[in-house]
Chemist: 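Can you read through this structure? Questions will come right after.
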Amino acid sequence: MVNFKDKNMPAVIDKALDFIGGMNTSASTPHPMDESTAKGMLKYLKELGVPASAADVTARGIQDGWDTGFTKKVAGWADKIQSGDRVVIKNPEYFSSYMQEELRALV
């Protein structure tokens, strides 16, 4: 398998997309737990000063073979969060402190 990792992408965004890639990306609509986790992660990236763009998400989705609907949903959230629009996270507890620590360590 070829390693398609983008050398220009900040490591923290790459790691967040790895976490998202561990979800059920073959479904067109993310599971509610995955939705809350992904939104929490994207919001946290912005708080860290390294927001993921819709283009970052879309590129990873295409590269890793995520379902098109899943990729569009997550990219849409990334776009909304990056632009400062409000995104509702129904279950913020699903974005674990472990994930936060892993991401914070890469900034």
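What you see below is based on every heavy atom in this structure, not just the backbone, and it leaves out hydrogens, waters and symmetry mates. Along the sequence shown, residues are numbered consecutively beginning with 1.
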Chemist: Could you pull out all residues at least two apart from Trp66 that satisfy ring-ring contact (aromatic ring centres under 6.0 Å, His included)?
Modeler: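 Expected list: Phe70.
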
Chemist: Would you say the side chain of Ile20 lies within less than 4.5 Å of the side chain of Arg60, judging by non-hydrogen atoms?
Modeler: no

Chemist: Please table the atom pairs, donor to acceptor, closer than 3.5 Å between any side-chain atom in residues 22-45 and protein atoms at least two apart or in another chain.
Modeler:
{"residue": "Asn24", "atom": "OD1", "partner": "Ser26", "partner atom": "N", "Å": "3.3"}
{"residue": "Asn24", "atom": "OD1", "partner": "Ser26", "partner atom": "OG", "Å": "2.7"}
{"residue": "His31", "atom": "ND1", "partner": "Met33", "partner atom": "N", "Å": "3.0"}
{"residue": "Glu35", "atom": "OE2", "partner": "Lys39", "partner atom": "NZ", "Å": "2.7"}
{"residue": "Ser36", "atom": "OG", "partner": "Pro32", "partner atom": "O", "Å": "3.4"}
{"residue": "Ser36", "atom": "OG", "partner": "Asn91", "partner atom": "N", "Å": "3.1"}
{"residue": "Thr37", "atom": "OG1", "partner": "Met33", "partner atom": "O", "Å": "2.8"}
{"residue": "Thr37", "atom": "OG1", "partner": "Tyr94", "partner atom": "O", "Å": "3.4"}
{"residue": "Lys39", "atom": "NZ", "partner": "Val88", "partner atom": "O", "Å": "2.9"}
{"residue": "Tyr44", "atom": "OH", "partner": "Arg104", "partner atom": "NH1", "Å": "2.7"}

Chemist: Applying the 4.5 Å side-chain criterion to the ILVMFWY set and letting contacts propagate, would Val12 and Met99 be lumped into a single cluster?
Modeler: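 Yes; Met99 is reachable from Val12 via cluster members.
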
Chemist: Same cluster for Ile13 and Val87 if Ile/Leu/Val/Met/Phe/Trp/Tyr side chains link at under 4.5 Å?
Modeler: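 Same cluster: Ile13 reaches Val87 through Ile, Leu, Val, Met, Phe, Trp or Tyr contacts under 4.5 Å.
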
Chemist: Which pair of heavy atoms, one from Ala16 and one from Leu103, lies closest together, and at what distance?
Modeler: N-CD2, 3.7 Å

Chemist: Compare all side-chain heavy atoms of Phe95 with those of Phe19 and state whether any distance is below 4.5 angstrom.
Modeler: no

Chemist: Keeping to residues at least two apart or across chains, list the salt bridge (Lys or Arg N to Asp or Glu O under 4.0 Å) pairs with something in residues 44-54.
Modeler: none

Chemist: Taking all heavy atoms of Ala78 and all of Ala54, pick out the closest pair and write down the distance.
Modeler: CB-N, 4.0 Å

Chemist: For the residue pair Asp56 and Pro51, what are the closest heavy atoms and their distance?
Modeler: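 Scanning both residues, the minimum pair turns out to be OD2-O, 4.4 Å.
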
Chemist: May I ask whether Met9 and Ile81 are part of the same hydrophobic cluster, defined by side-chain heavy atoms of I, L, V, M, F, W, Y residues being less than 4.5 angstrom apart, directly or through others?
Modeler: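 Yes, because Met9 and Ile81 connect within a single hydrophobic cluster, where side-chain heavy atoms sit under 4.5 Å apart.
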
